[in-house]
Amino acid sequence: MHPIELIELMIAGGILFVILLVSFFLKRKWRKIIQGLAIIYLVSFGIFYFIRPYWIDMQIEKKVGYLQKHLKEQYPEETWKYWTVPHREDGYEHMNPYHIGVTFDTEPEVEYEYFVRNKETIKQTSYSVQNELQSDLLHLEEK
């Protein structure tokens with residue numbers, strides 16, 4: 001379990017504990033209402049916790065489509081390969097799943113990283129070069 005997940009669970013557990021603690025100081029009717037709210041809170045957090053990875057996957061698919069369209073407009077004669085962060089696998093929790101890596105076939109030793117916020121906002125955030133001597137970057141977008 002990644003530390004961020006542990007912190008999220010601790011915060012959610014703390015909120016649930018406070019809600020239940022408050023309910024024990026109230027009388028019958030209000031106690032039942034507050035305990036019902038605690039159950040609703042627990043169920044909604046559980047649903048959020050288990051659905052979030054699928055939601056991230058759907059967002060990544062949509063953003064890859066936006067990036068593909070952007071790259072076709074910018075570089076119509078080029079071909080490329082893209083990769084995304086396997087955010088569900090161990091060892092990748094610390095990486096942002098919304099950053100998409102692209103390697104162009106004409107520049108196989110350079111990996112460009114893009115961040116896609118929406119259709120209009122697509123930014124090239126970084127690049128990495130495997131060959132330190134390569135200085136001419138064909139697809140570097142400077143803005």
Kindly determine whether E77 and K72 satisfy salt bridge (charged side-chain N to carboxylate O under 4.0 Å, His left out), including the steps that lead there. CA-CA 8 Å; E77 302 297 320; K72 284 179 186 174; over 6 Å; no

Just say parallel, tilted or perpendicular for the rings of Y112 and F104, cut-offs at 30° and 60°.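 Geometry flag for F104 against Y112: perpendicular rings.
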
Check the angle between the aromatic planes of Y41 and F45 and answer parallel, tilted or perpendicular using the 30° and 60° thresholds.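 Parallel.
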
Value rounded to 0.5 Å, distance of [atom1] in [X] from [atom2] in [Y]:
{"X": "E113", "Y": "S128", "atom1": "CD", "atom2": "OG", "answer": "8.0 Å"}
{"X": "R31", "Y": "F25", "atom1": "CZ", "atom2": "CZ", "answer": "10.0 Å"}
{"X": "Y54", "Y": "D57", "atom1": "OH", "atom2": "CG", "answer": "8.5 Å"}
{"X": "L37", "Y": "L20", "atom1": "CG", "atom2": "CG", "answer": "10.5 Å"}

Non-hydrogen side-chain atoms of [X] and [Y] separated by less than 4.5 Å:
{"X": "T121", "Y": "V116", "answer": "no"}
{"X": "V129", "Y": "E109", "answer": "no"}
{"X": "P97", "Y": "I60", "answer": "yes"}
{"X": "E78", "Y": "T106", "answer": "yes"}

Under the side chain to side chain contact (heavy atoms under 4.5 Å, CB included) test against I122, which residue among Q74, K63, H70 passes?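 Exactly one option meets the side chain to side chain contact (heavy atoms under 4.5 Å, CB included) with I122, and it is H70.
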
For a quick test of reading the model, state the closest non-hydrogen atom pair linking [X] to [Y] and the distance between them.
{"X": "Y66", "Y": "N118", "result": "CD1-C, 3.8 Å"}
{"X": "I34", "Y": "S23", "result": "CG2-CB, 3.4 Å"}
{"X": "A38", "Y": "I19", "result": "CB-CG2, 3.6 Å"}
{"X": "N96", "Y": "V85", "result": "O-CG2, 3.5 Å"}
{"X": "Y75", "Y": "Y114", "result": "CE1-OH, 4.4 Å"}

Over 12 non-hydrogen atoms of neighbours within 6.0 angstrom of OH in Y127: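 At most 12 heavy atoms, drawn from other residues, nucleotides or ligands, come within 6.0 Å of this atom.
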
So with a 6.0 Å cut-off around CE of M58, is the heavy-atom count from everything else above 12?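 Enclosed.
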
Determine yes or no for a side-chain-to-main-chain donor-acceptor pair under 3.5 angstrom, with S44 supplying the side chain and I40 the backbone.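 Yes; at least one donor-acceptor contact below 3.5 Å.
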
Under 3.5 Å: donor-acceptor pair, side chain of K123, backbone of F115: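 Here the side-chain-to-backbone pair does not exist.
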
Under the side-chain contact (heavy atoms from CB on, under 4.5 Å) rule, what do L71 and V102 come out as? Steps first, then yes or no, please. CA-CA 10 Å; L71 292 175; V102 175; 4.0 Å; yes

Step-by-step side-chain contact (heavy atoms from CB on, under 4.5 Å) determination, Y82 to T103: CA-CA 6 Å; Y82 71 89; T103 304; over 6 Å; no

